[in-house]
Amino acid sequence: MRRIEIFDTTLRDGEQSPGVALNADEKLQIARQLTKLGVNVLEAGFPIASLGDFEGVRRIAQEVRNVSVAALARASAKDIECAWEALSLGEAPRIHTFIATSPIHMHYKLQKLPHEVLELAVQAVRLAKSKVADVEFSAEDASRSDVIFLANVLSEVIKAGATVLNIPDTVGYATPEEYATFLRAVMGRTIGIEKVKVSVHCHNDLGLAVANSLAAVGVGVHQLECTVNGIGERAGNAALEELVMALHTRRDQYKVDTSIVMKEITRTSLLVSRLTGMLIQPNKAIVGKNAFAHESGIHQDGMLKERSTYEIMSPSLIGLDVESIVLGKHSGRHAVHQRFAELGLDIDESQFEELFSRFKLLADRKREVTTADLFSLVDLQTEKEDQIHLDYLQISSGTNLVPTATVGLMYNGQRLEDAACGDGPVDAALKAIDKVLGTKGKLLHYSLQAIDGGEDAQGEVTVTVKFGDNMVGGRGISTDIIEASVRGYLQAVNRAFGRGWIKILEQKAN
Ligand code: KIV
Ligand code: ZN
């Protein structure tokens, strides 16, 4: 079977999702898991975009092995130099440079004539090629570009040394048949196309990203660009797990395979959701909570008689192991340690003892400690590395009472405390935090859900907060939903603080 390469851009295009801001440690954790998942290329970030992006790419290139690490750069010398600096210690670096080729982008965004764009593209690829052997060129908004002009640009960048040509559907406008016809027309007119790999990168604005990518497979492209859980700009990118499972389940149709270790799909999806704070919709294909759930009596009856009546793929294929050992208060160190390792969480011995004590405390309150609970224990551990911590929280609320919160936070070894009233207890608690720190966060999104079923489930709160012009996400977990809200908000505060987006009241801290 022909092997198709998977180019994962969760850490670049995915990280461009509104409200997502990962730090270098979180990016490294995801990169390691993506390597276990078996992606061929891992786009680690856009180094010129920020110091944080640069650092994330640098650390991934330096520390992650057995995968090609790519960095994005506009078609400009400054971007390419910066991408190279971030990638230079990598094992198999790829510079990914791009410029838009559609009339609408060239005219309004770039304000350049087509021949100027052609020249910039060629210069960019030449410069990138002087740094690395592996150079990807993307024609942004390719699917709305003129076929002849695009083929000309691609022919010239091949001469300049490009090894991979990406023909994206940047705005998610294409339809599958149209995109396939377009790709055939462009590839048929590109001189030297047989010497390079062809890639596609589809956005999901019309919900067609996966369908368009699969249509491209039929045309014979070599690489699919995608993100875990389909996260990314606007409606996101083609979802990696959907592409991989469609190619596998319908290999009779597509006749290609990938190097993806399917058993790692669930773990990767959970990790990305947890660290980005982007929840997965329950009915999301492959990784949604309900993707393998059978509710109606007729379906359950069919499943009990013969699974294939309603199940086209086995959940165990993607690492959703329903029969796995149940962890609870009688579980020992070995079983708990092993489960952390299976979840791709690198826990060293010194951290493990503390995690295990927390596990025991939680197991006393819950019949079964689930995968999501284990992640929550690690979240609490990560909170210890935050600069601002919750020390205590006191709430007074009820009918005919003005909800009031008193919050104590620890910063620089000092306790900072204040109280505030609000529309409800959560509002009061978040206002109290802002009062303590002198910050002004605008809550854009707030969601609360039980992380696993059952009356003893922990509550998980996900928030998106705007500080000035910057949006940042946070996630908090606790058996107390107000505490979970406070922890989620504080995670957002810590992230914004770590990136220098907010200042806190120094006079109180000193
Ligand atoms: O959507 C797009 O066109 C991109 C390019 C930079 C590849 O993300
Ligand atoms: Zn994109």
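Note that the structure is a prediction, hence the values are computed from the model and not measured.
Contact detail for I6 and C226: the closest heavy-atom pair is CG2-SG, 3.8 Å. When all heavy atoms of V210 and A239 are compared, the pair lying nearest together is CG2-N, 3.7 Å. T462 and G277 make their closest contact through CG2-O, 2.8 Å (heavy atoms, listed as atom of the first residue, atom of the second, distance). When all heavy atoms are compared, the tightest approach of D8 to L11 is OD1-N, 4.3 Å. Annotation for I318 and T266: closest pair O-OG1, 2.6 Å, computed over non-hydrogen atoms. Considering every non-hydrogen atom in both T268 and L34, the closest pair reads CG2-CD2, 4.0 Å.
Salt-bridge formation is not detected for the pair R2/D257: no Lys NZ or Arg NE/NH1/NH2 atom is positioned less than 4.0 Å from an Asp or Glu carboxylate oxygen. Comment: R12 does not engage E233 in a salt bridge, judged by the lack of any side-chain N to carboxylate O separation of less than 4.0 angstrom. Between D252 and R250 there is a salt bridge, since at least one side-chain N of the basic residue sits less than 4.0 Å from a carboxylate O of the acidic one. Using a 4.0 Å cut-off between charged side-chain N and carboxylate O, E43 and R94 make no salt bridge. A salt bridge links K284 with E241: at least one charged nitrogen is closer than 4.0 Å to a carboxylate oxygen. Ion pair D364/K329 not flagged as a salt bridge, since none of the NZ, NE, NH1 or NH2 atoms sits closer than 4.0 Å to an Asp/Glu carboxylate oxygen. Ion pair K440/D434 not flagged as a salt bridge, since none of the NZ, NE, NH1 or NH2 atoms sits closer than 4.0 Å to an Asp/Glu carboxylate oxygen.
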side-chain contact (heavy atoms from CB on, under 4.5 Å) assessment of F352 paired with R333: CA-CA 9 Å; F352 179 72; R333 279 188 170 65; 4.1 Å; yes
Q491/R487 under side-chain hydrogen bond (donor to acceptor under 3.5 Å, both in side chains): CA gap, chis, key distance, verdict: CA-CA 6 Å; Q491 186 177 72; R487 290 193 184 281; over 6 Å; no
Worked check of salt bridge (Lys or Arg N to Asp or Glu O under 4.0 Å) between R495 and E26: CA-CA 11 Å; R495 286 176 165 178; E26 292 164 334; 2.9 Å; yes
Derivation and outcome, side-chain contact (heavy atoms from CB on, under 4.5 Å), residues D418 and V407: CA-CA 6 Å; D418 218 324; V407 168; over 6 Å; no
N237 vs T9, side-chain hydrogen bond (donor to acceptor under 3.5 Å, both in side chains): CA-CA, chis, key distance, verdict: CA-CA 9 Å; N237 292 62; T9 181; 5.7 Å; no
Derivation and outcome, side-chain contact (heavy atoms from CB on, under 4.5 Å), residues V20 and M278: CA-CA 8 Å; V20 173; M278 287 192 77; 3.5 Å; yes
Verdict with supporting geometry, D205 and R234, side-chain contact (heavy atoms from CB on, under 4.5 Å): CA-CA 7 Å; D205 300 66; R234 308 182 307 279; 2.6 Å; yes
Audit row: N494, Q387, side-chain hydrogen bond (donor to acceptor under 3.5 Å, both in side chains) steps and yes/no: CA-CA 7 Å; N494 271 297; Q387 302 197 53; over 6 Å; no
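Between F359 and F356, the ring planes lie parallel to each other; the angle is under 30°, not in the 30° to 60° tilted range.
In this structure, Q223 and V41 have side chains that are in contact, with non-hydrogen atoms separated by less than 4.5 Å. Counting heavy atoms from C-beta on, the side chains of L28 and R32 come closer than 4.5 Å. Annotation: side chain of D386 is not in contact with side chain of L490 (no heavy-atom distance under 4.5 Å). Taking 4.5 Å as the limit, every side-chain heavy atom of I433 sits out of range of all side-chain heavy atoms of I388.
Judged purely by distance below 3.5 Å, without hydrogens or angles, the side chains of S68 and N40 never pair a donor atom with an acceptor atom. S478 and D480 are not linked by any side-chain donor-acceptor pair at a separation below 3.5 angstrom, with hydrogens and angles left out of the test. Side chains of S199 and E225: a donor on one and an acceptor on the other come within 3.5 Å. Between the side chains of N66 and T35, no donor N or O sits under 3.5 Å from an acceptor N or O. There is a side-chain donor-acceptor pair under 3.5 Å between H201 and D13.
Counting heavy atoms of neighbouring residues, nucleotides and ligands inside a 6.0 Å radius, atom CG of L361 exceeds 12 of them.
Counting only distance, with no hydrogens or angles, the side chain of D391 and the backbone of M410 share no donor-acceptor pair below 3.5 Å. Side chain of T404 to backbone of V402: a donor-acceptor contact under 3.5 angstrom is found.
Ring centers of Y411 and F497: under 6.0 Å apart, within the cut-off.
Of the residues listed (S17, S269, S273), the one engaging N229 in a side chain to side chain donor-acceptor pair (under 3.5 Å) is S269, and it is the only one.
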